[in-house]
Amino acid sequence: MGRSKEEVKDLSLLGNQQVSYSSNYNPNILETFDNKHQNHDYFVKFNCPEFTSLCPITGQPDFATITISYVPDIKMVESKSLKLYLFSFRNHGDFHEDCINIIMEDLIKVMNPKYIEVWGKFTPRGGISIDPYCNYGRPGTKWEEVAFKRLTEHDMYPEKVDNR
């Protein structure tokens, strides 16, 4: 029950060996495809342990593990385009909280998921780590309630941070 060539005809990055890695923020890299399982809800989770951006003040690199979880509706993000998109933050100067919210907002624009959350676990710099978390549930649906609940209970059982 694989995907036909017709179903993936609009994906230009998947399988393309000539793709260049843009190191400047570029949300236009993101590509989507149709969710073949719209008849039920499920989570899709991505982990990016090698995320890099720049501090907007010092220009020093910031490193993080980014976790993206979402419940698709009609569209899903293609993973290679997501990888290239996240790589495009390499020379982008923004605070940790801004990067995480920008990622979520860009994914909402291209997919319109039922629910999405993005969590950045940044490595310590200056003796402190910053772990921003944001989420979104489609307004007027049960997912809006799920988003509020997950946000308010997000860090009730925090991980043991051991300098990553």
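To the nearest 0.5 Å, the span separating NE2 on His154 from CG on Asn135 amounts to 9.0 Å.
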Derivation and outcome, side-chain contact (heavy atoms from CB on, under 4.5 Å), residues Leu107 and Tyr136: CA-CA 11 Å; Leu107 289 170; Tyr136 160 89; over 6 Å; no

Show your working on side-chain contact (heavy atoms from CB on, under 4.5 Å) between Ile66 and Ile100 and close with a plain yes or no. CA-CA 8 Å; Ile66 305 294; Ile100 298 310; 3.4 Å; yes

Stepwise side-chain contact (heavy atoms from CB on, under 4.5 Å) test for Val44 and Met76: CA-CA 9 Å; Val44 176; Met76 300 177 71; 3.7 Å; yes

Audit row: Asn112, Lys75, side-chain contact (heavy atoms from CB on, under 4.5 Å) steps and yes/no: CA-CA 7 Å; Asn112 190 24; Lys75 294 290 183 184; over 6 Å; no

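With hydrogens and angles disregarded, no donor-acceptor distance shorter than 3.5 Å links the side chain of Asp34 to the backbone of Lys36. Asn35 contributes a side-chain N or O that, together with a main-chain N or O of Asp73, makes up a donor-acceptor pair within less than 3.5 Å. Using modelled atom types, no side-chain atom of Thr58 and backbone atom of Cys55 make a donor-acceptor pair closer than 3.5 Å.
Between Phe89 and His92, the angle of the ring planes goes over 60°, which puts this pair in the perpendicular group of the 30/60° scheme. In this pair, Phe43 and Tyr115 present their aromatic rings perpendicular. The plane angle is above 60°, beyond the 30 to 60° band.
Shown here for Pro61 and Leu54, the closest heavy-atom pair between the two residues is CA-CD2, 3.9 Å. Nearest heavy-atom pair across Tyr133 and Glu117 is OH-OE1, 2.7 Å. When all heavy atoms of Ala147 and Gly137 are compared, the pair lying nearest together is CB-N, 3.4 Å. Nearest heavy-atom pair, Asp41 versus Trp143, reported as atom, atom and distance to 0.1 Å: OD2-CZ2, 3.3 Å. The heavy-atom pair separating Pro132 from Trp119 by the smallest distance is O-CD1, 3.3 Å. Between Val77 and Met111, the shortest heavy-atom distance links the atoms N-SD, 3.2 Å.
Counting heavy atoms from C-beta outward, Asp62 and Thr52 have side chains that stay 4.5 Å or more apart. The shortest distance between side-chain heavy atoms of Pro49 and Thr65 falls below 4.5 Å.
Heavy atoms of other residues, nucleotides or ligands lying less than 6.0 angstrom from CD of Glu50 number 12 at most.
Remark: Tyr85 pairs with Asp106 by the side-chain hydrogen bond (donor to acceptor under 3.5 Å, both in side chains) rule, at least two apart or across chains.
The pair Lys149-Glu153 counts as a salt bridge, with a side-chain nitrogen and a carboxylate oxygen less than 4.0 angstrom apart.
Cys134 pairs with exactly one of Ile102, Ile103, Val118, Ile116 by the side chain to side chain contact (heavy atoms under 4.5 Å, CB included) rule, that one being Val118.
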